[in-house]
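None of these values were measured; they are calculated from a predicted model. Start at 1 with the first residue, then count along the sequence.
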Amino acid sequence: KSSEKYKGTKPRAEKVVELTKIVQGAKPASAAKIMQQMDIELAVEILQRMSKRTAGAILGKMPPEFAAQLSEIFTHYDNKRKVNKDKLTP
(Lines give C-alpha, C1' and ligand atoms only; values in the text may rest on other atoms or scores of the structure.)
Protein backbone atom coordinates (compact mmCIF):
# COMPACT_ATOMS: atom_id res chain seq x y z
CA LYS A 1 0.00 0.00 0.00
CA SER A 2 1.17 3.51 -0.70
CA SER A 3 -0.10 4.67 2.72
CA GLU A 4 2.37 2.32 4.42
CA LYS A 5 5.20 4.39 2.97
CA TYR A 6 4.23 7.29 5.25
CA LYS A 7 3.14 5.25 8.26
CA GLY A 8 4.94 6.20 11.43
CA THR A 9 6.57 9.36 10.15
CA LYS A 10 4.52 11.54 12.54
CA PRO A 11 2.10 10.78 15.35
CA ARG A 12 -1.51 10.50 14.16
CA ALA A 13 -2.65 13.46 16.28
CA GLU A 14 -0.04 15.66 14.63
CA LYS A 15 -1.22 14.54 11.20
CA VAL A 16 -4.82 15.36 12.12
CA VAL A 17 -3.74 18.86 13.21
CA GLU A 18 -2.02 19.38 9.87
CA LEU A 19 -5.00 18.04 7.92
CA THR A 20 -7.31 20.32 9.90
CA LYS A 21 -5.25 23.33 8.83
CA ILE A 22 -5.42 22.19 5.21
CA VAL A 23 -9.19 21.68 5.28
CA GLN A 24 -9.73 25.03 7.05
CA GLY A 25 -7.73 26.71 4.30
CA ALA A 26 -10.07 25.44 1.60
CA LYS A 27 -13.27 27.19 0.61
CA PRO A 28 -16.22 25.89 2.67
CA ALA A 29 -17.88 24.21 -0.33
CA SER A 30 -14.67 22.38 -1.23
CA ALA A 31 -13.97 21.44 2.38
CA ALA A 32 -17.52 20.09 2.69
CA LYS A 33 -17.09 17.86 -0.37
CA ILE A 34 -13.76 16.57 0.93
CA MET A 35 -15.09 15.85 4.41
CA GLN A 36 -18.10 13.99 3.03
CA GLN A 37 -15.71 11.52 1.40
CA MET A 38 -13.50 11.04 4.49
CA ASP A 39 -13.74 8.44 7.15
CA ILE A 40 -16.51 9.81 9.38
CA GLU A 41 -14.40 9.55 12.54
CA LEU A 42 -11.64 11.60 10.93
CA ALA A 43 -14.18 14.19 9.78
CA VAL A 44 -15.44 14.50 13.37
CA GLU A 45 -11.90 14.86 14.72
CA ILE A 46 -11.25 17.63 12.21
CA LEU A 47 -14.50 19.42 13.12
CA GLN A 48 -13.51 19.27 16.80
CA ARG A 49 -10.29 21.12 16.05
CA MET A 50 -11.85 23.89 13.94
CA SER A 51 -13.22 27.19 15.07
CA LYS A 52 -17.00 27.23 15.42
CA ARG A 53 -17.28 29.73 12.60
CA THR A 54 -15.29 27.60 10.15
CA ALA A 55 -17.03 24.36 11.14
CA GLY A 56 -20.41 26.05 10.72
CA ALA A 57 -19.53 27.37 7.28
CA ILE A 58 -18.44 23.91 6.17
CA LEU A 59 -21.48 22.16 7.64
CA GLY A 60 -23.65 24.75 5.89
CA LYS A 61 -22.28 23.60 2.52
CA MET A 62 -23.06 19.93 3.16
CA PRO A 63 -26.38 18.27 2.31
CA PRO A 64 -28.62 18.94 5.34
CA GLU A 65 -29.11 15.26 6.18
CA PHE A 66 -25.38 14.57 6.21
CA ALA A 67 -24.57 17.73 8.19
CA ALA A 68 -27.21 16.73 10.76
CA GLN A 69 -25.76 13.23 11.09
CA LEU A 70 -22.23 14.55 11.38
CA SER A 71 -23.35 17.08 13.98
CA GLU A 72 -25.07 14.36 16.00
CA ILE A 73 -21.92 12.26 16.03
CA PHE A 74 -19.85 15.34 16.86
CA THR A 75 -21.86 15.95 20.03
CA HIS A 76 -21.35 12.39 21.29
CA TYR A 77 -17.91 11.55 19.94
CA ASP A 78 -14.98 10.74 22.17
CA ASN A 79 -11.89 9.40 20.44
CA LYS A 80 -12.56 5.87 21.78
CA ARG A 81 -16.05 5.46 20.41
CA LYS A 82 -16.58 3.84 17.02
CA VAL A 83 -19.24 5.12 14.66
CA ASN A 84 -21.65 2.98 12.63
CA LYS A 85 -20.81 4.33 9.18
CA ASP A 86 -23.59 2.33 7.51
CA LYS A 87 -26.14 4.70 9.04
CA LEU A 88 -24.63 7.74 7.32
CA THR A 89 -25.72 8.88 3.91
CA PRO A 90 -23.47 11.38 2.09
Side-chain angles (χ1 to χ4, degrees):
K1 278 183 169 179
S2 63
S3 63
E4 289 177 9
K5 177 180 174 184
Y6 301 102
K7 208 171 195 177
T9 56
K10 289 184 181 179
R12 185 180 186 285
E14 197 174 315
K15 291 177 185 178
V16 173
V17 169
E18 288 178 6
L19 184 56
T20 301
K21 290 176 184 177
I22 292 167
V23 173
Q24 285 184 128
K27 292 183 180 181
S30 296
K33 287 179 186 177
I34 292 166
M35 291 181 74
Q36 284 175 250
Q37 300 303 312
M38 284 181 184
D39 176 83
I40 196 70
E41 292 164 353
L42 177 58
V44 170
E45 284 185 72
I46 288 171
L47 276 178
Q48 287 178 326
R49 295 173 186 273
M50 289 183 174
S51 70
K52 292 175 189 173
R53 175 183 228 102
T54 301
I58 292 169
L59 287 170
K61 295 294 183 177
M62 292 179 175
E65 299 83 14
F66 188 81
Q69 290 173 336
L70 191 60
S71 297
E72 178 70 22
I73 293 166
F74 177 80
T75 61
H76 299 289
Y77 189 82
D78 67 14
N79 292 323
K80 297 173 187 158
R81 185 173 169 221
K82 294 296 175 193
V83 176
N84 185 349
K85 298 172 193 166
D86 296 333
K87 293 187 177 183
L88 296 175
T89 52

- Message: Nearest 0.5 Å, please: how far is CG in L47 from CE in M35?
- Response: 4.0 Å
- Non-hydrogen atoms of I58 and A32 that approach each other most closely: O-CB, 3.6 Å
- Query: Hey, mind stepping through V23 and M50 against side chain to side chain contact (heavy atoms under 4.5 Å, CB included) and telling me if it holds?
  - Reply: CA-CA 9 Å; V23 173; M50 289 183 174; 3.5 Å; yes
- Query: Looking at A67 and M62, what are the two nearest heavy atoms and their distance?
  - Reply: CB-CB, 4.0 Å
- side-chain contact (heavy atoms from CB on, under 4.5 Å) involving L42 - partner list, sequence neighbours excluded: R12, V16, L19, M38, D39, I46
- Sequence neighbours excluded, the answer for side-chain contact (heavy atoms from CB on, under 4.5 Å) partners of A26 is S30, A31
- Just how far is it from atom CG of L59 to atom NZ of K61, taken to the nearest 0.5 Å? 12.5 Å
- Tell me, please, which residues at least two apart from A57 pass side-chain contact (heavy atoms from CB on, under 4.5 Å). P28
